[in-house]
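Fair warning: this is a prediction, and the values are worked out from it, not measured in the lab. The chains referred to below are lettered A, B, ... by the order of the sequence lines, with proteins before strands, and numbering in each begins at 1.
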Amino acid sequence: MRAAPNPNGPWHIGHARMPAVIGEYAERYDGWFCVRFDDTDPETKRPDLDAYDAILEDVEYLGFETDAVYRASDRMETYYGYARELIEAGGAYTCSCSGETFSELKNDGEACPHREQDAEDTLADFERMVDGEYESGEKVLRVRTDIEHKNPALRDFVAFRMVDTPHPRESAAHYRCWPMLDFQSGIDDHELGITHVIRGIDLQDSAKRQGFVYDYFDWEYPEVVHWGHVQVDAYEVPMSTSSIKELIDDGELDGWDDPRAPTLKSLRRRGIRGEAIVEAMAGLGTSTSNVDLAMSTIYANNREIIDDDSDRYFFVRDGLEVPLTGGPDEANPPLHPDHADRGDRSIPVGETVLVEANDLPGHGERVWLKGLGCVENIRDAFQFTGDDIEVVKSGAVDVIHWVPGKESVPCRMRTPDGDEQGRAEPGVGELDADEVVQFERVGFARIDRQDDAETVTYFAHD
RNA sequence: GCUCCGGUGGUGUAGUCCGGCCAAUCAUAUUGCCCUCUCACGGCAAUGACCAGGGUUCGAAUCCCUGCCGGAGCACCA
């Protein structure tokens, strides 16, 4: 099986569907999985040189090893070879009609004058195309299908056209005569021994078009499945490579891994495992209709994977500083409630604590500072009232998270909805980059880096 | 205009080919309860769907027809 991306940028979330599904199938049936870059349009779908590796990184992040990687732009001589064979078999002719002219004729089911050209002349003319003797738009090679086919989409489609713009890959920059997707992909699927093809509904007619070429060569067409588009909820940004790229160029997003971007690089930076995405995508199946993927499904999968490994810490967003009198001068909540063996944290208390505005109890009311004890709000100051856990068990007071006013460290949490400033317990300032933690009552986050001034984290999900 | 394809709870999915075991599976979501020094994890429960109408049949989510709704192609894009 193959994934055949167009290398125009790093992948967005929707792109994960192809490797997810074919990876699963390849595993289940001991199949073979390759990535083939269909980069045969140096102009309107101009390949981005960085995208080749970026995409392979994304595939790796998702947890797949590719058995092979191909670039269509390396395989031009192969396509030319088959084109010559096709011409000799009477399956194609060169045509100099303009797109509009041909379209009109085609829609009326009428052949253009070039259709009658014999194989010999066509072959000679095709060599002139290959040699770059024509300019863009001057000449194309068409596959001779059925000009009266009831479906206009299948009538004599273009196999090769001239492109003046050189390909960005140096090794392919000298080619001017480029195959269209339907030809290139059809040849490759056969050449590479692809047995099952999955692609979008936008390519529904491709199999039928390519079928004409396969018939000329007497090949058997692979099994093919068409699936609908995936939409992912929870993102403001449109999910298309080009529009994400635009937002980055305009400075609206910091880059492909901005937490607000619906990209795989973004999810990766947020500490979401590729496996969680793959599971969700594989669960969508291959239905022909369009589907909506809820991010909550990915989050639920991820939470299940990371919960056990994620140590707990306190992080208070936008905290209110409240003086505290009485009680112990250090709190020691466990690193993980289910793993006492990992030990406890050590949080100095000091003169004041920070709590989130929503958690501040009313005057005369009590609240339990987790890991520390019960306090009462007396005229906007906390008075320690004891450490008897009974008040919590009986449901009399709520448990909240907190950090010391002085000893806490500045911490920024980047989320899909923007950045949150706050302060975290001292231990957070010691964590290594790439560690995934749970900020209690806030959510899971990945430690991105320790800056001079603050700890930067990326929010995964609650 | 011409051609293709699809419609199962909020979301995704199973079942549809070969009609009955489907008053419809599983997951997620939401809500409630239990557990818990987290609104995490775990456990339990509740909520909630076969697009509509005809037809065939003893029997239809499954077969047929019509309608409605949605998607896609008719590019010298992929």
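Scanning for side chain to side chain contact (heavy atoms under 4.5 Å, CB included) contacts around A/Glu407 gives A/Pro348, A/Pro404, A/Pro426, with sequence neighbours left out. Residues passing the salt bridge (Lys or Arg N to Asp or Glu O under 4.0 Å) test with A/Glu440, sequence neighbours excluded: A/Arg345, A/Lys370.
Atom name P, nucleotides B/C51 and B/A24: the rounded distance is 16 Å, in whole Å. B/C33 sits 16 Å from B/U38 when the P atoms are compared, rounded to a whole Å. The same atom, P, is picked in B/A61 and in B/G67; the two are 23 Å apart, to the nearest Å. Taking atom C1' in both B/U66 and B/A23, the straight-line distance is 28 Å, to the nearest Å. Across B/A27 and B/C68, the matching C1' atoms stand 31 Å from one another, rounded to whole Å. When the C1' atom is used for both B/C63 and B/G10, the distance is 31 Å, rounded to whole Å. Of the C1' atoms belonging to B/U31 and B/A72, the separation is 39 Å, rounded to the nearest Å. Rounded to whole Å, the P atom of B/C21 lies 13 Å from the corresponding atom of B/U62.
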What donor-acceptor contacts under 3.5 angstrom involve side-chain atoms of residues 387-399 of chain A, with partners at least two apart or in another chain?
residue: A/Asp388; atom: OD1; partner: A/Glu390; partner atom: N; Å: 3.0
residue: A/Ser394; atom: OG; partner: A/Glu390; partner atom: O; Å: 3.1
residue: A/Ser394; atom: OG; partner: A/Val391; partner atom: O; Å: 3.2

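Taking the side chain as every heavy atom from C-beta outward, A/Pro334 and A/Asp344 approach each other to under 4.5 Å. Between A/Asn302 and A/Phe444, every side-chain heavy-atom pair lies at or beyond the 4.5 Å cut-off.
The environment of A/Glu330 atom CD is dense: over 12 non-hydrogen atoms of other residues, nucleotides or ligands sit within 6.0 angstrom. Counted within 6.0 Å of CD on A/Glu148, heavy atoms from surrounding residues, nucleotides or ligands total 12 or fewer; the atom is thus considered open. By the 6.0 Å contact criterion, CD on A/Glu304 is open, its count of non-hydrogen atoms from other residues, nucleotides or ligands being 12 or less.
Comparing B/G6, B/U28, B/U3 against the side chain of A/Asn151 picks out B/U3 as the nearest. The side chain of A/Asp205 sits closest to B/G73 out of B/G6, B/C77, B/G73. Proximity note for A/Asp338 (side chain, C-beta onward) versus B/A40, B/A29, B/A72: the nearest is B/A40. Proximity note for A/Asn290 (side chain, C-beta onward) versus B/C74, B/C76, B/G71: the nearest is B/G71. Among the nucleotides B/C37, B/A72, B/A75, the one closest to the side chain of A/Asp202 is B/A72. Nearest to the side chain of A/Val140, among B/U38, B/U28, B/C76, sits B/C76. Distance from the side chain of A/Met180 is smallest to B/A75 among B/A75, B/A72, B/U38. Among the nucleotides B/C77, B/U11, B/A40, the one closest to the side chain of A/Phe444 is B/A40. Here B/G12 is the nucleotide among B/G12, B/U38, B/C37 with the atom lying nearest to any side-chain atom of A/Leu284.
Taken residue by residue, residues 152-168 of chain A places heavy atoms nearer than 4.0 Å to RNA chain B at A/Pro152, A/Ala153, A/Val158, A/Arg161. Residues of residues 71-79 of chain A having a heavy atom closer than 4.0 Å to RNA chain B: none are found.
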Next on the checklist: Show, in sequence, the C-alpha distance, side-chain angles and deciding distance for A/Val442 and A/His401, and conclude whether the side chain to side chain contact (heavy atoms under 4.5 Å, CB included) test is met.
Outcome noted: CA-CA 9 Å; A/Val442 174; A/His401 59 112; 3.8 Å; yes
Next on the checklist: Run A/Lys245 and A/Asp249 through side chain to side chain contact (heavy atoms under 4.5 Å, CB included) and show every step you take.
Outcome noted: CA-CA 6 Å; A/Lys245 181 177 279 178; A/Asp249 290 344; 3.8 Å; yes
Checklist entry - What do the steps show when you test A/Phe160 against A/Phe126 for ring-ring contact (aromatic ring centres under 6.0 Å, His included), and what is the final call? => result CA-CA 9 Å; A/Phe160 284 83; A/Phe126 179 67; 5.3 Å; yes
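Atom CG in A/Asp462 sits roughly 15 Å away from atom P in B/U28 (whole-Å rounding). If you take CE of A/Met281 and C1' of B/U11, they are 13 Å apart, rounded to a whole angstrom. For the pair A/Lys45 NZ and B/C77 C1', the interatomic distance rounds to 4 Å; values are reported in whole Å. Following rounding to the nearest Å, A/Glu304 (CD) and B/U28 (P) show an atom-to-atom distance of 8 Å. Rounded to an integer number of Å, the gap from CZ of A/Arg345 to P of B/U38 is 12 Å. Look at CG on A/Asp41: it is 5 Å from P on B/A78, rounded to the nearest Å. Following rounding to the nearest Å, A/Leu293 (CG) and B/U13 (P) show an atom-to-atom distance of 10 Å. In this structure, the CG atom of A/Asp292 is 14 Å from the C1' atom of B/A29, given to the nearest Å.
Residue A/Phe439 holds its CZ atom at 11.0 Å from CD of A/Glu420, rounded to the nearest 0.5 Å. One distance of note links CD of A/Gln383 with SG of A/Cys374; it measures 11.0 Å at 0.5 Å rounding.
Within 4.0 Å (heavy atoms only), A/Cys97 reaches at least one base atom of the nucleic acid. Across all strands, A/Ile201 comes closer than 4.0 Å only to sugar-phosphate atoms, never to a base (heavy-atom distances). Residue A/Phe439 is out of contact with every strand shown, counting any heavy-atom pair closer than 4.0 Å. When heavy atoms are screened at a 4.0 angstrom cut-off, A/Pro337 is found touching base atoms of the nucleic acid.
If A/Arg17 and A/Trp368 are placed on RNA chain B by their nearest nucleotide, the residue sitting closer to the 5' end is A/Arg17.
Taking the ring centre of A/Phe102 as origin, the terminal cationic atom of A/Arg142 falls inside the region bounded by 6.0 Å and 45° from the ring axis.
In this structure, A/Ser103 reaches the B/A75 phosphate: one of its side-chain N or O atoms is under 4.0 Å from OP1 or OP2. Here A/Thr40 reaches the OP1 or OP2 of B/A78: one of its side-chain N or O atoms lies under 4.0 Å away. At the phosphate of B/A75, OP1 or OP2 sits under 4.0 Å from a side-chain N or O atom of A/Lys106. Residue A/Lys150 places at least one side-chain N or O closer than 4.0 Å to OP1 or OP2 of B/C4.
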Item to check | Bracket string, RNA chain B, 5' to 3' - pairs by Watson-Crick or G-U geometry under 3.5 Å, | interstrand | outcome: (((((((..(((.......[.....)))((((((.......))))))...(((((..]....))))))))))))....
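Checking A/Phe37, A/Trp178, A/Tyr175 one by one against A/His167, the ring pair (Phe, Tyr, Trp, His ring centres under 6.0 Å) holds for a single residue, A/Trp178.
On a pure distance criterion of 3.5 Å, no polar donor-acceptor pair joins the side chain of A/Lys370 and the base of B/C37.
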